[in-house]
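Following: one structure in structure tokens, then a few remarks.
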Amino acid sequence: MPEQQRHYRRSVVDGPLLRFADVRSSPPNPPGARVGNPHMHDTQHRATQTHAGFGIGLRTQHYQDFLREPQAVDWLEIITDNYLVEGGKPLVLLDQIRADYPTVMHGVAMSIGAVSGIDEAYLKRVKALADRIEPMWISDHLCWIGGPGPEQLHDLYPLPYTDEAARHVIAQIRRIQDVLQRRFVIENVSSYIDYKHSASSEWQFLSHIANEADCLLLLDVNNVYVSSVNHGFDPLYYLSGLPANRIQQIHLAGHSDNGDHIVDTHDHPVAPAVWSLYRDACRLFGSVPAMIERDDNIPALSELLAEVATARSVAAEVLSALDEFSEGRFIAHTEYVAQTGTSTQTLHDTQRQLADYVLARSDDDMTAQLRTPANVDVNQRVGIYKNAYRARLAEVLADTYAKTTLYMGSDVFDQHARDFAVDHPPFTRSLNRYGAGFAAYLNRVYPDHPELMQLAQLDWDLRACFDGPDVASLDVAGVAADAERRWMSRSDALHPSLVLREISTNTVALWRAIDADTDVPQAVRLPASVTLAVWRKGLQPHFKTLEGGEAVFIRMMMQGYSIADVAGALEGTEHLADPMTLARWLGEWWEDGFLVTLLPERLTVAIA
């Protein structure tokens, strides 16, 4: 359905927010347009949106479904941050799936509203991924995940709806569009708190930002419904206040209904109330790409495809009956102004106070900055964020330290993980490497149980090499082709994923028993410490114990010496008494992928 042309009065970004309570200005540039100065409106163009159909979020549980045969979806949405890695299986599989399905990128860590500003290095990594997979569009949330300090708390914290916050976000989005060289899409988040010093409604704030930054909107219908219940507003009123010509995508998801409040968990099927609100969205905004979003309790793909079919059916039914040229499709929207007094609360102060509350660093009463509907426990509402921070990072640690979790027991592990999260907040936009110090933490807590630290270290090393750089390994064929035997004199011959660890307990036996789901042996100390090698061969992490002399040889190579140099230094010693020992080691290293080719190149590996 062609989108109607609609014009609204322009707003002035330098004016007070209360003056643009119902602002929907000139139409945006097309979503894929390359822009030189993205904060300048191009009134000669509008979003001539070609309906992309219906999609789902790509999750690891469904990789093989998409690789095996075509599925009944028009496109896929990826979580951007899961693929901001150096290499490995995630990118290989993404490239294969992307070859068959159009894709959009959806991030969770841009932190557009953070007072500290956009992380330029992070933004450039997002652009590199976009250049690689050429998405239809790129989106992230209108929120902040880390405030004025270095901590990145990795939750979607709402902003106060103030002049200061609006100007800051608009500037950040303009910078994002400058770097990405494309129109950016921002999503509304669900929320459980409302700041007293907010000067407008969320939909007015969102509309103003979209118009002034000339960006597009990802309308999460579930988030609108969740927030409407939590804050007591009419969700249809929210939808009617948005600029129809900027709605680029729709999210449909489930939630957890706790009676007096709803938590946006994305772990249930789409609720009936959300389907009903989606019907209203179709009536208001016409033909907009929509998708089913599930982030936890991931079901079989068939269940999600059934929800996609429902979305298709709802949209078709509504749109077939819609008179696209009737202004009656738009609900009258009157100006709404939040009740607010004079406040000197700054964006910096707001974010610092909430971050300190979440990290339990301050006794200041955070609730003094919040307003809530009558008969609502404000401590419970703000406490959702405190609990969610701990639960989220504990989940990340449990995923990284999977065998350690099973060995300790999930309840014991979870408590330690939550304690670790409070004392060791993340400092980066990505959680891919969060928890590097957890093995050492366990060693401090349980000094008499070295197997815990060593098991956790093995978990970490396997996880770290999983998505490390892609480097081609030297094999027997490569050795034969190198007539000058240059591989013998290289100082950088070892695969970059290879790490060595000293273990003093039966860690390997514990790990293998847990992995095989067999009886786990009693932890015991070994008669003498051994060296464990961890590395990635192709796309799969591996580990094995090394002989004593072999470990000495490789450690010397890690210091920058070539194979020839080390062989000359160790020949005739206890570490290399027989020259044939080196020949055997080399054969095993070629087989295992310990050594790299002369000129590292992108690794291409077939997926079994």
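Just so we're clear, the structure is a prediction, and the values are computed from it rather than from any experiment. Only heavy atoms go into these numbers, but all of them, side chains included; no hydrogens, no water, no symmetry mates.
A centroid separation of 6.0 Å or more is found between the aromatic rings of Tyr161 and Trp203. Aromatic ring centres of Tyr225 and His255: separated by under 6.0 Å. A distance of 6.0 Å or more separates the ring centres of Phe184 and Trp137.
Between the side chains of Gln249 and Glu77, at least one donor N or O lies within less than 3.5 Å of an accepting N or O. For the residue pair Ser139/Glu187, the side-chain donor-acceptor check at 3.5 Å is not satisfied. Donor-acceptor pairing under 3.5 Å is lacking for the side chains of Ser190 and Ser227. There is no side-chain donor-acceptor pair under 3.5 Å between Gln204 and Ser207.
The backbone N or O of Ser116 sits nowhere less than 3.5 Å from a side-chain atom of His348 that would complete a donor-acceptor pair. Counting only distance, with no hydrogens or angles, the side chain of Gln172 and the backbone of Ile118 share a donor-acceptor pair below 3.5 Å. Looking only at distances, no side-chain donor or acceptor of Tyr278 sits under 3.5 Å from a matching main-chain atom of Asn222. Between the His154 side chain and the Gly146 main chain, no donor and acceptor come within less than 3.5 Å of each other. Between the Arg392 side chain and the Asp155 main chain, no donor and acceptor come within less than 3.5 Å of each other. The closest donor-acceptor contact from the side chain of Asn230 to the backbone of Ser191 lies under 3.5 Å. Looking only at distances, a side-chain donor or acceptor of Asn223 sits under 3.5 Å from a matching main-chain atom of Asn188. Put simply, the side chain of Trp144 never gets that close to the backbone of Val115: no donor and acceptor are under 3.5 Å apart.
Using a 4.0 Å cut-off between charged side-chain N and carboxylate O, Asp214 and Arg183 make a salt bridge. Residues Arg59 and Asp65 are not paired through a salt bridge, judged by the lack of any N-O separation under 4.0 Å between the basic side chain and the carboxylate. Using a 4.0 Å cut-off between a side-chain N of Lys or Arg and a carboxylate O of Asp or Glu, Arg536 and Asp470 qualify as a salt bridge. Taking a cutoff of 4.0 Å between a charged side-chain nitrogen and a carboxylate oxygen, Asp95 and Arg132 qualify as a salt bridge. Taking a cutoff of 4.0 Å between a charged side-chain nitrogen and a carboxylate oxygen, Asp178 and Arg174 do not qualify as a salt bridge. Using a 4.0 Å cut-off between a side-chain N of Lys or Arg and a carboxylate O of Asp or Glu, Glu307 and Arg294 qualify as a salt bridge. For the pair Arg167 and Glu212, the salt-bridge criterion is not met [side-chain N within less than 4.0 Å of a carboxylate O].
Among all heavy-atom pairs drawn from Ala130 and Met105, the shortest one is CA-SD, 3.7 Å. Here the closest non-hydrogen pair linking Ile170 and His208 is CD1-NE2, 3.8 Å. Here the shortest heavy-atom pairing between Tyr157 and Cys143 reads O-CB, 3.1 Å. Nearest heavy-atom pair across Gly113 and Val169 is CA-CG2, 4.0 Å. Here the closest heavy-atom approach between residue Ser198 and residue Thr162 is recorded as CA-CG2, 4.3 Å. The two residues Pro148 and Gln351 come nearest to each other via the heavy atoms CD-CB, 3.7 Å.
Of the options Asp467, Asp461, Asp459, a salt bridge (Lys or Arg N to Asp or Glu O under 4.0 Å) to Arg463 is made by Asp467 and by none of the others.
A distance of 10.5 Å separates OG in Ser228 from CD in Glu202, rounded to the nearest 0.5 Å. Summarising the geometry, atom OG1 belonging to Thr367 is positioned 8.5 Å from atom OH belonging to Tyr357; distances are rounded to the nearest 0.5 Å. Taking CD of Glu293 as the start and CD1 of Ile250 as the end, the distance is 13.0 Å to the nearest 0.5 Å. Here Ile209 contributes atom CD1 and Leu159 contributes atom CG; the two are 7.0 Å apart, rounded to the nearest 0.5 Å.
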I would like to know whether Ile186 and Leu217 meet side-chain contact (heavy atoms from CB on, under 4.5 Å); could you show each step before the answer?
CA-CA 5 Å; Ile186 58 173; Leu217 299 177; 3.6 Å; yes
What verdict does the salt bridge (charged side-chain N to carboxylate O under 4.0 Å, His left out) test give for Arg361 and Glu151, after you've listed the backbone C-alpha separation in whole Å, the side-chain angles of each residue and the deciding distance to 0.1 Å?
CA-CA 12 Å; Arg361 291 179 174 175; Glu151 308 91 356; 2.4 Å; yes
As a quick check of understanding, evaluate salt bridge (charged side-chain N to carboxylate O under 4.0 Å, His left out) for Arg125 and Asp81, giving each step before the final call.
CA-CA 10 Å; Arg125 291 168 65 198; Asp81 305 271; over 6 Å; no
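Looking only at side-chain heavy atoms (C-beta outward), Val358 and Met366 stay at 4.5 Å or farther from each other.
Using bins of under 30°, 30° to 60° and over 60° for the plane-to-plane angle, the ring pair Tyr195/His197 lands in the tilted bin. Taking the six-membered ring where tryptophan is involved, the planes of His141 and His106 are tilted, since the angle between them lies from 30° to 60°.
Figure legend: cation-pi geometry between Lys89 and Phe466 absent, as NZ or CZ is not positioned both under 6.0 Å from the six-membered ring centre and within 45° of its axis.
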